Amino acid sequence: MSKSIMLMGTSSHVGKSILTTALCRIFHREGRRVVPFKAQNMALNSYVTKEGLEMGRAQVAQAEAAGLEPMVDMNPVLLKPTGHSCSQVILEGRPVGNMSAREYHKGYSLQAFGAVKAALGRLQQEYDTLVIEGAGSPAEINLKDHDIVNMRVAKYLQAPVLLIADIDRGGALASLVGTLELLDEEERALVKGLVINKFRGDVSLLTPAVDFLEKKTGKPVLGIVPYLEHLGIEDEDSVSLEDKAAMPHGEAEIRIAVIETPKLSNFTDFDALAEEPDVEVDYVRTPEELGHPDLIILPGSKNTTEDLLHLRKTGMEAAIRDCTDRGIPLIGICGGYQMLGCRLEDPEHVESGHEAVDGLGYLPMITTFTQEKRTVQVTAACPALDFFHGHLTATDMPGYEIHMGRTEFLKQIPHPFHIVRQGDVPADYWDGAVSSDQLVFGTYIHGLFDHDGFRRQLINILRSCRGLSPLAVQRSRWQEKEEAYNRLADTVAASLDMEKLAAIMGDRP
């Protein structure tokens with residue numbers, strides 16, 4: 001029987017995902033066959049597996065830390081908000097429809113728990129250790145009866161639970177005590193330890209708090225994990241995006257503006273750019289914030305039509321046009337690429353009540369939304385992309401497509417990316433488009449900027465236009481991720497009582 005440990009939090013964004021990632025790397029380094037699991041994720045950032053199935057990105061990072069290829073059994077239910085208290089429900093990697101919060105929680109969620117149990121069964125047969133992440137808080141009284149991601153999973157597996165609180169935001173002690181008070185007796189019995197996360201300062205000053213917690217709750221405090229700056233590990237939700245937007249920036253030489261729309265998705269596409277030492281990535285919401293960047297990026301969107309209308313309403317469309325008229329380059333990714341065309345058509349009202357909306361008009365193409373969703377991993381080459389007074393070439397560029405809509409071109413136009421593999425199967429087709437003045441290009445491929453050579457070439461083109469000398473490739477994205485997972489694992493292993501954790505998991509008396 002597989003051993004398991006489950007991490008729950010007193011609220012969202014207390015560090016469950018990161019600590020789950022840390023334990024995956026710790027156990028992987030011990031030689032365990034460890035696998036991450038989260039029954040249900042709600043996020044606009046998602047990933048496509050080799051099988052073309054969609055899952056949350058947090059479990060992708062956890063899989064990497066565990067030395068595994070991401071697979072949809074790690075996250076069998078994914079909810080992608082579409083607006084108006086409604087989400088697209090992804091079950092076992094495939095969309096099953098859009099549902100309101102009431103429809104999902106009062107009707108469908110307990111049906112979806114069947115897929116959760118099936119995924120757990122398969123993982124238990126293959127792996128010896130499961131590290132399970134909860135969501136939000138397990139003590140939300142209005143949701144508990146239909147919750148399939150927290151205590152229902154713990155009870156089903158009889159998994160020991162660690163309850164985590166974020167002390168950086170304040171109220172950690174009250175949150176731990178209060179959460180335990182709101183759990184029923186069986187649920188409280190499953191909580192085997194407490195963890196205080198994101199602590200800054202002298203740990204010895206917390207001794208009275210630890211003593212109080214252990215006496216008040218009867219639960220051991222397994223450790224105090226310090227606040228870790230610049231982890232270099234992908235985030236998954238809108239809270240982390242707020243943190244990115246609020247981060248102080250240094251004196252970077254190149255400024256890239258990512259347009260932050262209400263339904264922005266897959267903002268992890270730009271993490272690799274933001275980590276370059278000579279680049280500042282700003283997420284901007286208003287024309288005033290846009291200013292005069294070196295490059296503008298229109299990112300993916302869970303609702304392309306509504307986000308495009310938002311740009312129009314807020315004056316951001318006019319601000320972007322003013323920038324491109326002055327020669328500032330523009331890139332569109334996925335939904336942002338669709339916005340660059342002449343028109344968005346939605347005859348089946350897949351995304352909104354609008355049957356057709358004019359696009360930004362940079363590229364001669366029309367996108368028509370249909371019920372079919374395209375989710376596929378790809379490997380691309382960039383044989384020759386002339387863009388903004390420069391030339392881009394690259395091979396073996398891994399990425400993925402995840403979008404609604406089919407794009408057709410109104411005339412011949414250069415396509416920058418040659419798709420050579422689709423999953424594990426050879427392929428031969430072209431993606432994306434470049435404007436005739438070479439100032440604008442778009443693509444359906446997520447993950448382009450993770451390619452070290454392509455990313456540096458793009459930045460060097462921007463540097464050249466600023467009169468700056470080009471730089472050699474500064475970083476290895478893969479190597480930096482590995483170092484980040486190991487640094488995280490080292491810190492968490494030193495902060496937790498690993499002997500107590502082993503005893504909780506049944507590894508030793």
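All figures in this text were calculated on a predicted structure; none of them were measured in a lab.
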Quick one: [atom1] on [X] to [atom2] on [Y], what's the gap to the nearest 0.5 Å?
X: L7; Y: L162; atom1: CG; atom2: CG; result: 5.0 Å
X: I164; Y: D166; atom1: CD1; atom2: CG; result: 10.5 Å
X: C382; Y: H415; atom1: SG; atom2: NE2; result: 13.5 Å
X: T268; Y: D450; atom1: OG1; atom2: CG; result: 8.0 Å
X: Y337; Y: I445; atom1: OH; atom2: CD1; result: 10.0 Å
X: H13; Y: N197; atom1: NE2; atom2: CG; result: 10.0 Å

If the threshold is 4.0 Å, N to carboxylate O, is there a salt bridge linking [X] and [Y]?
X: R421; Y: D428; value: no
X: E187; Y: R152; value: no
X: E276; Y: R477; value: no
X: R455; Y: D452; value: yes
X: D490; Y: R487; value: no
X: E64; Y: K481; value: yes
X: R200; Y: E229; value: yes
X: E306; Y: K263; value: no

The criterion is ring-ring contact (aromatic ring centres under 6.0 Å, His included); which residues satisfy it with H105, sequence neighbours excluded?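 Testing H105 for ring-ring contact (aromatic ring centres under 6.0 Å, His included), a comparison that skips the adjacent residues, returns none.
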
Within the 4.5 Å heavy-atom criterion, are [X] and [Y] side-chain neighbours or not?
X: Y400; Y: T375; value: no
X: R456; Y: H451; value: no
X: L488; Y: L228; value: yes
X: Y108; Y: V96; value: yes

Pairs of donor and acceptor atoms involving the side chains of residues 71-83, under 3.5 Å and at least two apart or interchain, shall be tabulated with distances.
{"residue": "D73", "atom": "OD1", "partner": "R122", "partner atom": "NE", "Å": "3.4"}
{"residue": "D73", "atom": "OD1", "partner": "R122", "partner atom": "NH2", "Å": "2.8"}
{"residue": "D73", "atom": "OD2", "partner": "R122", "partner atom": "NE", "Å": "2.8"}
{"residue": "N75", "atom": "OD1", "partner": "G56", "partner atom": "N", "Å": "2.8"}
{"residue": "N75", "atom": "ND2", "partner": "K38", "partner atom": "O", "Å": "3.2"}
{"residue": "N75", "atom": "ND2", "partner": "V77", "partner atom": "O", "Å": "2.9"}
{"residue": "K80", "atom": "NZ", "partner": "S46", "partner atom": "OG", "Å": "3.0"}
{"residue": "K80", "atom": "NZ", "partner": "E54", "partner atom": "OE2", "Å": "2.7"}
{"residue": "T82", "atom": "OG1", "partner": "C86", "partner atom": "O", "Å": "3.2"}

Between the main-chain N or O of [Y] and the side-chain N or O of [X], is there a donor-acceptor pair closer than 3.5 Å?
X: K16; Y: S11; answer: yes
X: H28; Y: L68; answer: no
X: K219; Y: V191; answer: yes
X: R32; Y: T129; answer: no
X: T261; Y: D307; answer: no
X: T367; Y: Q338; answer: no
X: T379; Y: V420; answer: no
X: T49; Y: E51; answer: yes
X: S2; Y: Q124; answer: yes
X: D282; Y: V258; answer: no

Donor-acceptor side-chain pairing of [X] and [Y] below 3.5 angstrom:
X: Y429; Y: Q422; result: yes
X: Y104; Y: N98; result: no
X: D147; Y: N150; result: yes
X: S17; Y: E133; result: yes
X: E372; Y: T370; result: no
X: N41; Y: R57; result: no
X: Q62; Y: Q59; result: yes

Looking only at heavy atoms, which two atoms of D269 and G447 are closest? And how far apart?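 Distance-wise, the nearest heavy atoms are OD1-N, 3.3 Å.
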
For this output row, return yes or no: ring centroids of Y227 and F199 closer than 6.0 angstrom.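 For Y227 and F199, the ring centres are not under 6.0 Å apart.
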
K106 NZ: over 12 foreign heavy atoms closer than 6.0 Å: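 No, NZ of K106 has 12 or fewer neighbouring heavy atoms, counting only those of other groups under 6.0 Å.
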
Report the relative orientation of the aromatic rings in F449 and F270; use parallel for angles under 30°, tilted for 30 to 60°, perpendicular for over 60°.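 Answer is tilted, since the angle falls between 30° and 60°.
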
Could you tell me how the ring of F387 sits relative to the ring of F441: parallel (under 30°), tilted (30 to 60°) or perpendicular (over 60°)?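 Perpendicular: the ring planes of F387 and F441 meet at over 60°.
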
Any chance you could lay out the salt bridge (charged side-chain N to carboxylate O under 4.0 Å, His left out) test for R33 and E126, step after step, and finish with the verdict? CA-CA 8 Å; R33 289 181 294 113; E126 186 72 22; 5.4 Å; no

Scan H403, E401, Q88 and name whichever one has a side chain to side chain donor-acceptor pair (under 3.5 Å) with K373.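 One option only clears the test, and that one is Q88.
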
